[in-house]
Undergrad: 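Just dropping this structure here.
Whatever order the structure lists them in is the order used to number ligands and atoms, beginning at 1. Worth knowing before you read on, the calculation uses all heavy atoms, side chains too, and leaves out hydrogens, waters and symmetry mates.
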Amino acid sequence: MESSLEFSSSLGSVSSLLTRCRTFKVLVIGDSGVGKTCLTHRLCAGDFPSRVEATIGVDFRERLLDINGERIKLQLWDTAGQERFRKSMVHHYYRNVHAVLFVYDVSRPNSFSGLTAWIEECRQNSLGQDIPRFLVGNKSDLRDPSWADNQVSQELPMTFAKSHGMMFFETSAKNSPNNSGNSQRSGKEVPYQQDKVEDIVFAVAAKLRRQKKPASPPMNGSFKIPNKRTPEKNMWTCC
Ligand SMILES: Nc1nc2c(ncn2[C@@H]2O[C@H](COP(=O)(O)OP(=O)(O)OP(=O)(O)O)[C@@H](O)[C@H]2O)c(=O)[nH]1
């Protein structure tokens, strides 16, 4: 009887080890209407939502992944793009963030130039330089070579991403491309990058998995003696 109890308790600890995973908070920001809700929905639920409304405050979605045998949970914070729906909440969004996805709409150049304001918001909320940042051009299905002037070229965001230390993706939450990676746009000698939504989620998870150092705690005016072990421990949860 005693040995079977011991056996079941050790089985319990083995199974809790097996179901443990690291959880990472990923903030998704960008102008209103660029497709943050659709993109996060696609990343987590696998499909394009038939009906969406403007996000008020923030919505949460989760995606559990297995990266080389390790379970990684991404907790995506889909934040409102409209200023009136953000207001006083913003500093909460930035607390203990592990990565940021900056989203723009390839068919709306204003949403790309608007990224500087989002970078400034990160700076104002003391987002550490060590926090991985990803740049995502969404709605690639709307690219039309006949009105190239009204779209965001790929060269610009590539340079932008490089100068801000971001990984760059172009995708569509609606119609994910069949082929991932670089390809040639017909008739033009520019590299045309089209990524699957899945490429993004795996790149984020893989990058975060390699992060040994946890996110720096937000600076909110109070002073706390840092405990090196606690933040990393807090990332471990049961899936
Ligand atoms: N064609 C196309 N339309 C998209 C895509 N992603 C989103 N949309 C459309 O863009 C509109 C806005 O999408 P949302 O996901 O609500 O945008 P958002 O960035 O979350 O907007 P806020 O909540 O206001 O910040 C909706 O009509 C979507 O159907 C895409 O990849 N391709």
Undergrad: Among all protein heavy atoms, pick out the one at the shortest distance from atom 29 (O) of ligand 1; state its residue, atom name and that distance to 0.1 Å.
TA: Phe48 CZ, 3.4 Å

Undergrad: Has ligand 1 got any nitrogen or oxygen that is less than 3.5 angstrom from a nitrogen or oxygen of Gly33?
TA: yes

Undergrad: So which bit of Asp141 gets within less than 4.0 Å of ligand 1, heavy atoms only: side chain, backbone, both or neither?
TA: side chain

Undergrad: Look at atom 23 (O) of ligand 1 and say which protein heavy atom is nearest, naming residue and atom and giving the distance to 0.1 Å.
TA: Thr55 N, 2.7 Å

Undergrad: For atom 10 (O) of ligand 1, tell me which residue out of Arg42, His41, Lys174, Lys139 has the closest non-hydrogen atom.
TA: Lys139

Undergrad: Could you tell me the residue and atom name of the protein heavy atom closest to atom 24 (O) of ligand 1, and the distance to it rounded to 0.1 Å?
TA: Ser32 OG, 2.7 Å

Undergrad: Donor-acceptor pair, His98 side chain versus Val26 backbone, under 3.5 Å?
TA: no

Undergrad: Considering only protein heavy atoms, which is closest to atom 31 (O) of ligand 1, and at what distance to one decimal place?
TA: Ala173 N, 2.9 Å

Undergrad: Suppose I only count heavy atoms of Ala54 and a 4.0 Å limit; which atoms of ligand 1 are within that range?
TA: 23 (O), 24 (O)

Undergrad: Any N or O of Glu53 that comes nearer than 3.5 Å to an N or O of ligand 1?
TA: no

Undergrad: Do other residues, nucleotides or ligands put more than 12 heavy atoms under 6.0 Å from Glu120 CD?
TA: yes

Undergrad: Is a side-chain N or O of Asn138 found less than 3.5 angstrom from the main chain of Ala173, in a donor-acceptor match?
TA: yes

Undergrad: Any idea which atoms of ligand 1 are less than 4.0 Å away from a heavy-atom of Asp31?
TA: 19 (O)

Undergrad: Would a hydrophobic clustering, with Ile, Leu, Val, Met, Phe, Trp and Tyr connected at side-chain separations under 4.5 Å, put Leu64 with Ile67?
TA: no

Undergrad: Could you tell me whether Leu142 approaches ligand 1 through its side chain, its backbone, both or neither, with non-hydrogen atoms closer than 4.0 Å?
TA: side chain

Undergrad: With respect to Val52, determine whether any N or O atom, backbone or side chain, lies less than 3.5 Å from an N or O atom of ligand 1.
TA: no

Undergrad: Backbone or side chain, does any N or O of Lys36 fall under 3.5 Å from an N or O of ligand 1?
TA: yes

Undergrad: Does the N or O separation between Val34 and ligand 1 drop below 3.5 Å for any pair?
TA: yes

Undergrad: Is there a path from Ile56 to Val28 through hydrophobic residues (I, L, V, M, F, W, Y) whose side chains come within less than 4.5 Å of each other?
TA: no

Undergrad: By number and element, which atoms of ligand 1 are closer than 4.0 Å to a non-hydrogen atom of Gly81?
TA: 22 (P), 25 (O)

Undergrad: If I take atom CG from residue Asp31 and atom CZ from residue Phe102, how far apart are they, to the nearest 0.5 angstrom?
TA: 12.0 Å

Undergrad: Any nitrogen or oxygen of Cys38 lying under 3.5 Å from a nitrogen or oxygen in ligand 1? Just yes or no.
TA: yes

Undergrad: Looking just at side-chain N and O atoms, do Thr171 and Asp195 make a donor-acceptor pair shorter than 3.5 Å?
TA: no

Undergrad: Determine yes or no for a side-chain-to-main-chain donor-acceptor pair under 3.5 angstrom, with Tyr93 supplying the side chain and Gly57 the backbone.
TA: yes

Undergrad: For ligand 1, which atoms, with element, lie under 4.0 Å from some heavy atom of Asn138?
TA: 5 (C), 6 (N), 31 (O)

Undergrad: Got the closest protein heavy atom to atom 13 (O) of ligand 1, with its distance?
TA: Gly35 CA, 3.7 Å

Undergrad: Where's the contact between Phe85 and ligand 1, heavy-atom distance under 4.0 Å: side chain, backbone, both or neither?
TA: neither

Undergrad: Please state whether the rings of Phe60 and Trp77 are parallel, tilted or perpendicular, taking 30° and 60° as the class boundaries.
TA: perpendicular

Undergrad: Between Phe48 and Leu43, is there shared hydrophobic-cluster membership here, with clusters defined by ILVMFWY side-chain heavy atoms closer than 4.5 Å?
TA: no

Undergrad: What I want to check is whether the side chains of Glu121 and Tyr94 have a donor and an acceptor closer together than 3.5 Å.
TA: yes

Undergrad: Sub-3.5 Å donor-acceptor pair from the side chain of Arg133 to the main-chain atoms of Gly165, do we have one?
TA: no

